[in-house]
Each structure stands twice: as C-alpha cells, then as structure tokens.
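Presented below is the structure to which this report refers.
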Amino acid sequence: MTVILQTRNLYKTYDKKVKAVQGIDLEIKNGEVFGLLGPNGAGKTTLIKMLVGILKPDKGEILFNGIKLNGTTELKGLIGYAPQELVFYPFLTVLENMQLFASLYSIKNARKRIDEILELFQLTELSKRQAEKMSGGQKRRLNIALSLLHSPQILFLDEPSSGMDPQSRNVLWESVEQLKEKEGVTILLSTHLMEVADKLSDRVAIIDHGKVLTVGTPDELKSKHASIETVEIQFAKNISPLIQEKITLQLKDKYEQLSTANDRFFIKTKNGLKAISDIMKTIESLAVLSYLQDIQLRLGTLEDVFLNLTGKELRENNFSFGGDRR
Ligand SMILES: Nc1ncnc2c1ncn2[C@@H]1O[C@H](COP(=O)(O)OP(=O)(O)OP(=O)(O)O)[C@@H](O)[C@H]1O
Ligand SMILES: [Mg+2]
C-alpha cells in the first residue's frame, strides 16, 4: 500500500504555552481508515487542522503523495473535511446545502452525485428539511455528506459520531464501509470513543498530550498492550455471605488477580477460556452451581490499551453533552 499522507515531527503550541501537538510522526496509507483515538484535549483536532491546511505547524513537515505541503490551495479538491463544529447553512434545506456546496466545487453531474450521497447517508427522505431543524445525529451526517460531494482522495472526519445515537452510528459504520469499498477514499477520523475507533479503523493511533503512544491495527494493539482478559462471574443476590466467602477463598487461591464488587467476581488472566473451565470445576466442587447467574469473558479493549500505556482511563475525560463540546 502506498502512503498518501505523512507527517514528520509535527509541533503546534497555542499562546506560547499550550503544547497541543508535540512531535507527531504518522503515515496514512492509501485506502485505509485511520483512527486517531485520544481523550479530550489530546491534540486530535489541532493535528487534523494542520493536515487540512487550516493551521500552520510551528515545526515539522506534511507530505501528500510524497510532496511537501507549502500552502493550502494545492489541497483543494484532494481533501474533504468534516470539522468537529458543524458547518452548513442552517436556514437552507439539506438539498439546498448540497447544491450550494456542489456549486462551490464546480461538480459536474451534481444532481446524480447529490442523490448518491443523500442515499449513502440515509438523508434522501430528509432532503427538503431545513438543516437547523434536523436532529443532532442527522446534522452530523449532513456535515459529513457535504465534505465528500467532490469525491476527495482523503477525507478527514473530526469526531464523526458526536451527538449520534446507536442507530445513527450504525448508519455511519455502513456509510464509511461503503465509501471505502465503492470510492476507495482514504479516511482519517478522530474520536475519544474507543468503540468508534475499534469498529471503524483499519489502524489506530492512540494519542495523548500531543504525542502518539502507539500505532497499529486494533487487534495488534490489543494483543500487544492488553493481552490480559477478564472473567466476570455473577452470583445470585440471595447467596449467603458464608458461601461467598468460601468461593472467594477458593478462587483467591488460584487467581491472585481477583477482585469483587457487589455479587460479582472479576478475575484477570492471560487465558480466559482455561480460567472459565477451571472456575466452573471449582464452582461445581463447592456445590454452588445453582447460585451461578452468569459467567463472561471480556477480551482486552482499546480502552485497556490506553489504560496500560498511560495508567489512566480514556473515559475519565470523556464528557459528553450529547453533541459538540465547543
Ligand atoms: N485555538 C486555541 N487556542 C488555545 N488553545 C487551544 C486552541 N485550540 C485548542 N487548544 C488547546 O490545545 C489542546 C488540544 O486541543 P484539541 O482541540 O486539539 O484536542 P482534541 O484531542 O481535539 O480534544 P476533543 O476530544 O475535546 O475534541 C487543548 O488543551 C486545548 O485546550
Ligand atoms: Mg477535537
């Protein structure tokens, strides 16, 4: 796979003190979906703004198709950008917004392209609705739809799932997959939501404090940095403290990494399936099977990767007010 976009030692400081991006080196390959995952304030938007040419880096280089970027005009037409803040005309309808953006980009056969994109983002039935009257998730979809009318080579989506409910997110997953398949467009997306990065990205860079902590496919990162699995066991609420104590003692004997909360036991292990089989034997030998309500294996997640690399949770900064945070 060829590299479409490369950054070398990129830096950006705001007001001489906020070090938003501190030496980022990345390579984005042609046709991949690349996720930037990091907590609020990690520097994702700052990085994207430099990549799309809105913000000038203090230091470092950006190369598109191997050519060093000097200004912004050379990018017009090649890139699409759906910013974190929604950008469209609120008083125009969905269709009028599409037509206006199509004319700005002098798109040939605009109506055909508009219909395709409306369909892709399931906006066809909303085409006559005034943009400001749509729901948060629908507005977000329009924002993304407008950014790719001109068939860019690379699309930047800053927090594409912001304000979306699970149903709208499903539309997003499907549209991104179709975009990749049908148009071969390279997509760089930022998110502070582990689930979004995991589901959508071929590769992910986890960033914090303006630095890349690690890069790889979600599976690579999980097996490298989150190989520990968790077995979660739930007992019935009416289990007596005595029996609970007995189970705890037996399990503690075998598993050092045992913790309890309410009626649940959590066991961290490298081999979850073997642990489940052993735990079932223990439960049977104690004749407490009838109290067992649930036993589950939780594999490592990108959240665990972040936790293992930084000692803090992605989620702790993960404020969500149902939409934009600025
Ligand atoms: N225009 C600005 N002036 C001063 N500081 C800024 C400006 N824009 C961003 N920052 C600061 O730079 C840091 C990185 O911000 P950035 O918006 O890049 O983070 P982010 O990873 O996109 O976060 P989020 O998940 O909240 O969107 C933050 O500390 C932020 O407060
Ligand atoms: Mg941001």
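Ligands are counted one by one from 1 in listed order, and the atoms in each one are counted from 1 as well. This structure is a prediction, so every number in the text was calculated from the model and none was measured. Because only heavy atoms are used, hydrogens play no part in the values below, and waters and symmetry mates are left out as well, while side chains stay in.
Centred on the Mg ion (ligand 2), the OG1 atom of Thr45 and the OE1 atom of Gln84 lie at an angle of 80°, reported to 10°.
Here's the thing with Val18: none of its N/O atoms is less than 3.5 angstrom from an N/O atom of ligand 1. Considering backbone and side-chain N/O atoms, Gly41 comes within less than 3.5 Å of an N/O atom of ligand 1. Any N or O atom pair closer than 3.5 Å counts here, and Ala42 shares at least one such pair with ligand 1.
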Using a 3.5 Å cut-off and no angle test, enumerate the donor-acceptor pairs between side-chain atoms of residues 232-240 and protein atoms at least two apart in sequence or in another chain.
unit_1: Glu232; atom_1: OE2; unit_2: Arg264; atom_2: NH1; d: 2.2
unit_1: Gln234; atom_1: OE1; unit_2: Arg264; atom_2: NE; d: 3.2
unit_1: Gln234; atom_1: OE1; unit_2: Arg264; atom_2: NH2; d: 2.8
unit_1: Lys237; atom_1: NZ; unit_2: Asp263; atom_2: OD2; d: 3.1
unit_1: Ser240; atom_1: OG; unit_2: Ile243; atom_2: N; d: 3.2

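Remark: Glu116 engages Arg113 in a salt bridge, criterion side-chain N to carboxylate O under 4.0 Å. With salt bridges taken as basic N to acidic carboxylate O contacts below 4.0 Å, none links Lys29 and Asp202. Checked for salt-bridge contact, Arg8 and Asp25 miss the test: no charged N lies under 4.0 Å from a carboxylate O.
The Mg ion (ligand 2) lies at 2.8 Å or more from every N, O or S atom belonging to Thr46. In summary, no N, O or S atom of Ser190 is located under 2.8 Å from the Mg ion (ligand 2).
Using a 4.0 Å cutoff on heavy atoms, Gly43 counts as a contact of ligand 1.
His150 and Tyr105 have parallel rings, their planes meeting at less than 30° on a 0 to 90° scale where 60° marks the start of perpendicular.
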